[in-house]
Amino acid sequence: RPHWDPQEVTLQLFTDGITNKLIGCYVGNTMEDVVLVRIYGNKTELLVDRDEEVKSFRVLQAHGCAPQLYCTFNNGLCYEFIQGEALDPKHVCNPAIFRSEEQKRLSSKETVWKTFPNNCSTWMTTSLSFAYSLKAELLCRALQ
C-alpha cells in the first residue's frame with residue numbers, strides 16, 4: 001500500500017494460529033482494507049514445502065479460490081485479507097451452506113485440476129479435504 005503513511009499503520013496480532021504468527025496491518029479506525037503478514041513458525045518448513053504452498057496459493061488465486069498474494073519473503077508472505085467467516089462444524093452441518101460450498105468446489109474442480117501438476121501434494125490435500133467434508137455431512141446427518 002504505497003499510499004499508506006507508515007506512521008498511521010496499525011498492527012494487530014492474531015493469536016489463533018498454532019505455528020505461524022499472523023499480523024494484520026491497516027490504516028484508520030476500521031479494518032476495511034487489511035494486509036496480512038504471515039511469519040512462518042520455527043521449523044515449520046519441515047512440515048510444509050513453502051515453495052509448493054506459494055505455487056498452490058497462486059493457482060487457487062487465479063481461479064478465485066484464494067486472496068491476492070502480494071509478496072513472499074524468506075520467512076513468510078504477505079496477502080490480502082478477505083472479510084468473511086471461516087466454515088466450522090455448525091456450517092458444515094447446515095445443508096444449505098454445505099451444498100452451496102461443495103457446488104462451488106465441484107464447479108471449479110476440473111479447471112483447477114488441469115492447472116496443478118499430477119503429482120502435486122496440495123491437490124491431494126484438497127481432495128482429502130473434500131472427502132473429509134463429505135464425511136462431515138454424513139456424520140451430521142447421522143447425528144440429526
Side-chain angles (χ1 to χ4, degrees), residues 1-140:
R1 301 292 191 269
H3 58 283
W4 284 4
D5 178 351
Q7 306 243 334
E8 294 179 7
V9 175
T10 300
L11 304 178
Q12 178 169 344
L13 178 64
F14 295 98
T15 58
D16 290 344
I18 297 171
T19 57
N20 299 322
K21 296 291 183 207
L22 188 62
I23 302 167
C25 308
Y26 60 97
V27 172
N29 295 328
T30 62
M31 295 178 70
E32 289 180 23
D33 181 20
V34 180
V35 173
L36 294 174
V37 178
R38 183 193 316 165
I39 302 168
Y40 300 142
N42 190 28
K43 303 284 186 193
T44 56
E45 71 278 0
L46 299 174
L47 302 170
V48 178
D49 182 330
R50 297 300 182 184
D51 291 333
E52 284 299 316
E53 179 184 37
V54 170
K55 286 178 195 173
S56 300
F57 203 118
R58 288 186 173 133
V59 168
L60 291 169
Q61 176 190 333
H63 293 283
C65 299
Q68 184 176 350
L69 180 62
Y70 296 130
C71 68
T72 62
F73 42 96
N74 289 342
N75 64 335
L77 44 85
C78 183
Y79 56 98
E80 171 188 28
F81 173 73
I82 298 176
Q83 295 283 346
E85 185 177 348
L87 296 180
D88 65 16
K90 75 177 181 205
H91 294 109
V92 173
C93 288
N94 180 334
I97 293 174
F98 177 84
R99 287 190 185 97
S100 170
E101 291 304 312
E102 285 310 305
Q103 284 174 349
K104 287 179 199 171
R105 263 200 234 180
L106 289 172
S107 67
S108 65
K109 186 176 180 180
E110 186 153 337
T111 305
V112 174
W113 173 256
K114 290 176 184 175
T115 312
F116 278 112
N118 289 335
N119 63 349
C120 180
S121 61
T122 302
W123 182 252
M124 296 284 288
T125 302
T126 304
S127 297
L128 283 174
S129 172
F130 173 74
Y132 286 129
S133 62
L134 186 58
K135 268 184 159 178
E137 182 187 26
L138 295 173
L139 178 61
C140 289

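Values below: every heavy atom of this structure, side chains too, minus hydrogens, waters and symmetry copies.
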Report task. Show your working on side chain to side chain contact (heavy atoms under 4.5 Å, CB included) between D33 and R1 and close with a plain yes or no. Result -> CA-CA 10 Å; D33 181 20; R1 301 292 191 269; 2.7 Å; yes
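- Taking the six-membered ring where the residue is Trp, the centroids of F81 and Y26 are separated by 6.0 Å or more.
- Atom CD of Q83 is separated from atom CD of E32 by 8.0 Å, given to the nearest 0.5 angstrom.
- Environment of CG in D5: crowded, with over 12 heavy atoms of neighbouring residues, nucleotides or ligands closer than 6.0 Å.
- At least one side-chain heavy atom of T44 sits under 4.5 Å from a side-chain heavy atom of N20.
- Taking CG of L13 as the reference point, atom CD1 of I39 lies at 9.0 Å (rounded to 0.5 Å).
- Between Y40 and L77, some side-chain heavy-atom pair lies under the 4.5 Å cut-off.
- The structure places OG1 of T10 at 13.0 Å from CD1 of I23, a figure rounded to the nearest 0.5 Å.
- When all heavy atoms of A66 and F57 are compared, the closest pair comes out as CB-O, 4.0 Å.
- A distance of 6.0 Å separates OG1 of T72 from CZ of R58, quoted to the nearest 0.5 Å.
- Residues W4 and C25 share a closest heavy-atom pair of CH2-O, 3.3 Å.
- For the residue pair R50 and R38, the shortest heavy atom distance occurs at NH1-NH1, 4.1 Å.
- Closest non-hydrogen pair, Y79 versus L69, comes out as CB-CA, 4.0 Å.
- What you find for L36 and G24 is that their closest heavy atoms are CD2-CA, 3.9 Å.
- Nearest heavy-atom pair, E80 versus P67, reported as atom, atom and distance to 0.1 Å: O-CB, 3.2 Å.
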